[in-house]
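So the structure is just underneath, and the comments pick up after that.
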Amino acid sequence: MAVVQDQLEIKFRLTDGSDIGPKTFPAATSVATLKENILAQWPKEKENGPRTLKDVKLISAGKILENNRTVGECRSPLCDIPGGVTTMHVVVQPSSVEKGKKEANQAKQSKCVCVIL
C-alpha cells in the first residue's frame, strides 16, 4: 500500500485546454524532471512551444513549483484521494531574449508626441 502512495498520477493542462498525460511519477521526482517530460511530450503542432526548462512554469494548487523541489514536497492534500489524478497547469513564458526583441520593436513602433500650445 505504501508503494501506491509514493506514486502520483499527474496530467499537465496546457493553456489551450488540452492535456499531456496522465502519467504516473514517483513522489521523489523533481519538478525539473517533470518539465523535461513536458518538453519531450509537447505537441509538435502547437505554436509557441517551450524551448528550455526556464520557459516552462508549472502551477499546482495555485502555487508556482520550483525546479529543485520534489513532487512529494509540492503535494496538496487533494492529491491524497485514492485513484485521483493531479492536474498541473503549464504556462510557457518566452525567453528573456525574445522579450527584449519584442519590447524593442514595440518601443520603435509606438511613438507618440504631444504638443501643448
Side-chain angles (χ1 to χ4, degrees):
M1 191 77 162
V3 174
V4 174
Q5 291 178 348
D6 290 335
Q7 299 281 325
L8 284 172
E9 192 168 4
I10 301 172
K11 71 177 174 181
F12 303 101
R13 175 75 37 100
L14 307 180
T15 54
D16 65 355
S18 62
D19 293 330
I20 295 175
K23 188 174 178 184
T24 303
F25 295 94
T29 304
S30 71
V31 172
T33 303
L34 293 180
K35 290 181 179 184
E36 289 171 1
N37 189 283
I38 291 168
L39 284 174
Q41 293 186 3
W42 191 267
K44 303 299 180 205
E45 68 275 1
K46 294 201 183 297
E47 295 181 15
N48 301 325
R51 296 181 183 161
T52 66
L53 293 182
K54 292 181 180 181
D55 295 346
V56 178
K57 301 290 182 207
L58 277 181
I59 302 171
S60 179
K63 296 179 183 173
I64 297 176
L65 307 182
E66 299 173 17
N67 287 346
N68 58 348
R69 301 200 55 198
T70 66
V71 174
E73 293 172 342
C74 301
R75 184 186 302 191
S76 116
L78 297 176
C79 295
D80 293 334
I81 298 171
V85 177
T86 301
T87 301
M88 292 187 179
H89 296 269
V90 180
V91 177
V92 178
Q93 294 183 328
S95 65
S96 58
V97 174
E98 290 178 9
K99 285 182 187 177
K101 288 180 182 177
K102 287 181 181 178
E103 289 174 3
N105 288 340
Q106 288 176 350
K108 290 178 184 177
Q109 293 175 355
S110 59
K111 291 185 178 180
C112 181
V113 179
C114 296
V115 178
I116 301 174
L117 300 175

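Just so you know, residue 1 is the first one in the sequence shown, and it goes up from there.
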Using every non-hydrogen atom in the two residues, find where Ser30 and Thr33 come nearest and quote the distance to one decimal. OG-OG1, 2.8 Å
So do the side chains of Gln7 and Glu9 get within less than 4.5 Å of each other, counting heavy atoms only? no
If Ile, Leu, Val, Met, Phe, Trp and Tyr residues are connected whenever their side-chain heavy atoms lie under 4.5 Å apart, and connections chain through other members, are Ile64 and Val91 in the same group? yes
Minimum side-chain heavy-atom gap Ser18-Lys46 below 4.5 Å: yes
Kindly indicate whether the side chain of Glu66, heavy atoms from C-beta on, has any atom under 4.5 Å from the side chain of Val31. no
To the nearest 0.5 Å, what is the distance between CG on Leu34 and CG on Leu53? 10.5 Å
Within 6.0 angstrom of Lys54 NZ, more than 12 heavy atoms from elsewhere: no
Just verifying a value: how many Å separate Phe12 CZ and Ile59 CD1, rounded to the nearest 0.5 Å? 13.0 Å
Answer whether the closest heavy-atom distance between the side chains of Ile38 and Leu58 falls below 4.5 Å. yes
Using a 4.5 Å cut-off on heavy atoms from C-beta on, say whether the side chain of Ser60 contacts that of Ile10. no
Is the closest side-chain heavy-atom distance between Gln93 and Asp55 below 4.5 Å? no
Would a 4.5 Å heavy-atom cut-off, applied to side chains only, mark Trp42 and Val92 as touching? yes
Thr70 side chain reached by Pro26 side chain, heavy atoms, under 4.5 Å: no
Closest heavy-atom pair and its distance - Leu65, Lys35: O-NZ, 4.4 Å
